[in-house]
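What follows is a set of notes on a single structure, which appears directly below.
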There are 2 protein chains.
Amino acid sequence: MDELFLQTMQNWMGIFMRRSMSKFRQYMIDNGLSMTQMTSMFLIMHSGSSSISDLAAHLDVSNAAASQLIDRLVQQDLLTRTENPSDRRNKLLELTEKGKTIVAKSMQARQGWLQELAITLDETEKKKIISALEIMNSKAEELAPSTGPICPESL
Amino acid sequence: MDELFLQTMQNWMGIFMRRSMSKFRQYMIDNGLSMTQMTSMFLIMHSGSSSISDLAAHLDVSNAAASQLIDRLVQQDLLTRTENPSDRRNKLLELTEKGKTIVAKSMQARQGWLQELAITLDETEKKKIISALEIMNSKAEELAPSTGPICPESL
DNA sequence: CCAAATAGTTAAGCGTGCTTATATATAAAC
DNA sequence: GTTTATATATAAGCACGCTTAACTATTTGG
C-alpha cells in the first residue's frame, strides 16, 4: 500500500510540477525576468509594501544585494521605491500597475491548467478529489514545519 | 463547485510546492549547485549518457553554453566527459558516483516529506487519495501536451 | 580525395546575483 | 547636543549562465 501510495504521489508530482512550472518559466523568459526577480515581486505583493531590509531578510541575502535587485526592477518600471514618511532611513517598495499585471499573469500561467483540468471532471470526481486533497492538506499541516529558503514556486 | 475545487487545489499546490522545493533548494545551496547544474545532471542521469549538443538542445541553449556548464561540473568531479569511440567528434557525458549520489540525495530531499505524510495516513485515507490522484493523473494525460522549457522541478 | 558538414572548445562580452567594504543620511539613545 | 545605531546606496570583485565568433578535429558526401 505504501509503495502504491508513494508511486501514485510521485506520478502526480511529475505531472503537477511540469504543468505548473513550464508555463511559468516560459512566462519569465518571455518577460525577461528571473526567478529571484519574480520572488521579490511576489513577496512585495503579498506584504503590500516592504522595505529593502525586509526583503533582504526574506531572501536571506545582504541588504546590498537586495538594493541592487530592487534597482533593476525599478528600472523596468515594475516597482516604485519611495521614502518612508515615518522614518526617512527606510524605503517603501510597492509594485507598479505594470508589476501587478506581471505577477497576476505569471500566476495565471502557473495555475491556468487547473481550470482546464476542472473542465474534464464531473461533479462526483471533483468531490472525491476535494475530499482527498482536504485529507492531505490537513495532515500536511500537522507535519513538522517546513524550513528552508523561500520558494517562489509556492508563492 | 468549481471554485471549491480550484481553491482546494491551490491550497494543496502551495503546501506541495513548499514542501517539495524548500528542502531541494536548501540541498542545492548546501552543495553549492545551481538549478541549471542540477537540471543538467538529472538529464544526463535519465539518458544514461548524453552528448554536449544533446544537452544543449534539451536546455535550449547554445553548444558553447552547454560546454562551459559541463566544464564546471567536470571540475567538481560530478561528471566525466569522454571521447565517443564511434564518432570522435562527440563526447560522452556520464555522472560520476559522486554525481549519482548528489542526484539521488536531492531527489530524496524533494520527496522525503511524502514518506512522512504517508505515515500519518491510515489505509482508508490512502485508498481515497490514490483513487483521486489516479483520476487526476489520467485526466491530465488527456490535456493538451505541456510545452515550454525543461522543468527541473519535475525531473 | 577534397569540400562541406558536424561536434566541441575557447575567447570575449554581457547581465544577474551575490559578497564585503565604505559612505551618507536619518533616527535613537544618553 | 553629541554619540551610537540603523537603512540604504554605491563600488569593486566574483561566479554563473548565457550570447556570438572563431577555430580545430572529425565525419560525411560527392
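Because only heavy atoms are used, hydrogens play no part in the values below, and waters and symmetry mates are left out as well, while side chains stay in. Residue numbers start from 1 in every chain, and the chains themselves are labelled A, B, ... in the order their sequence lines are given, proteins ahead of strands.
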Nearest-Å distance for atom pair CD1/C1', residues B:Ile52 and C:dT9: 8 Å
Could you give the CZ-to-P distance, from B:Arg25 to C:dC18, as a whole number of Å? 11 Å
If I take atom CD in residue A:Gln76 and atom C1' in nucleotide C:dG15, what distance separates them, rounded to the nearest angstrom? 11 Å
Taking only N/O atoms, report every protein-nucleotides 22-26 of chain C pair under 3.5 Å with atom names and distance.
residue, atom, partner, partner atom, Å
C:dT26, OP1, A:Arg88, NH2, 3.0

B:Met38 pairs by side chain to side chain contact (heavy atoms under 4.5 Å, CB included) with which of B:Asn31, B:Leu33, B:Leu43? B:Leu33
Report yes or no: does A:Lys98 contribute a side-chain atom to a donor-acceptor pair with the main-chain N or O of A:Asp77 at less than 3.5 Å? no
So NZ of A:Lys128 and CG of B:Leu133: to nearest 0.5 Å the spacing works out to 11.0 Å
Nearest 0.5 angstrom please: B:Ile135 CD1 to A:Ile129 CD1, how far? 5.0 Å
Between D:dT20, C:dG17, C:dG8, which one does the side chain of B:Ser53 approach most closely? C:dG8
Rounded off to whole Å, could you give me the CE-to-P distance for the B:Met35 and C:dG17 pair? 14 Å
For B:His58 and D:dC18, what is the distance between atoms NE2 and P respectively, to the nearest whole Å? 15 Å
May I ask you to say whether A:Lys100 pairs ionically with A:Glu97, meaning some side-chain N is under 4.0 Å from a carboxylate O? yes
Using 30° and 60° as the class boundaries, would you call the ring planes of A:Phe16 and A:Trp113 parallel, tilted or perpendicular? perpendicular
Phosphate oxygens OP1/OP2 of C:dC18: is one of them under 4.0 Å from a side-chain N or O of A:Ser62? no
What is the separation between atom CG on B:Asn90 and atom P on C:dT6, rounded to the nearest whole Å? 13 Å
Tell me: CD1 of A:Ile29 to P of C:dG15, nearest whole Å? 19 Å
Got a donor-acceptor contact below 3.5 angstrom from the B:Thr96 side chain to the B:Leu78 backbone? yes
Between A:Gly32 and B:Ser51, who's closer to the 5' end of DNA chain C by nearest nucleotide? B:Ser51
For B:Asp30 and B:Gln26, what are the C-alpha separation, side-chain angles and deciding distance, and is it a side-chain hydrogen bond (donor to acceptor under 3.5 Å, both in side chains)? CA-CA 6 Å; B:Asp30 293 344; B:Gln26 189 62 57; 2.9 Å; yes
Contact residues, residues 63-72 of chain A to DNA chain C [heavy atom, < 4.0 Å]: A:Ala64, A:Ala65, A:Gln68, A:Leu69, A:Arg72
d(CG, A:Leu78; P, C:dT16) in whole Å: 12 Å
Cationic N near anionic O, under 4.0 Å, A:Glu153 to B:Arg25: yes
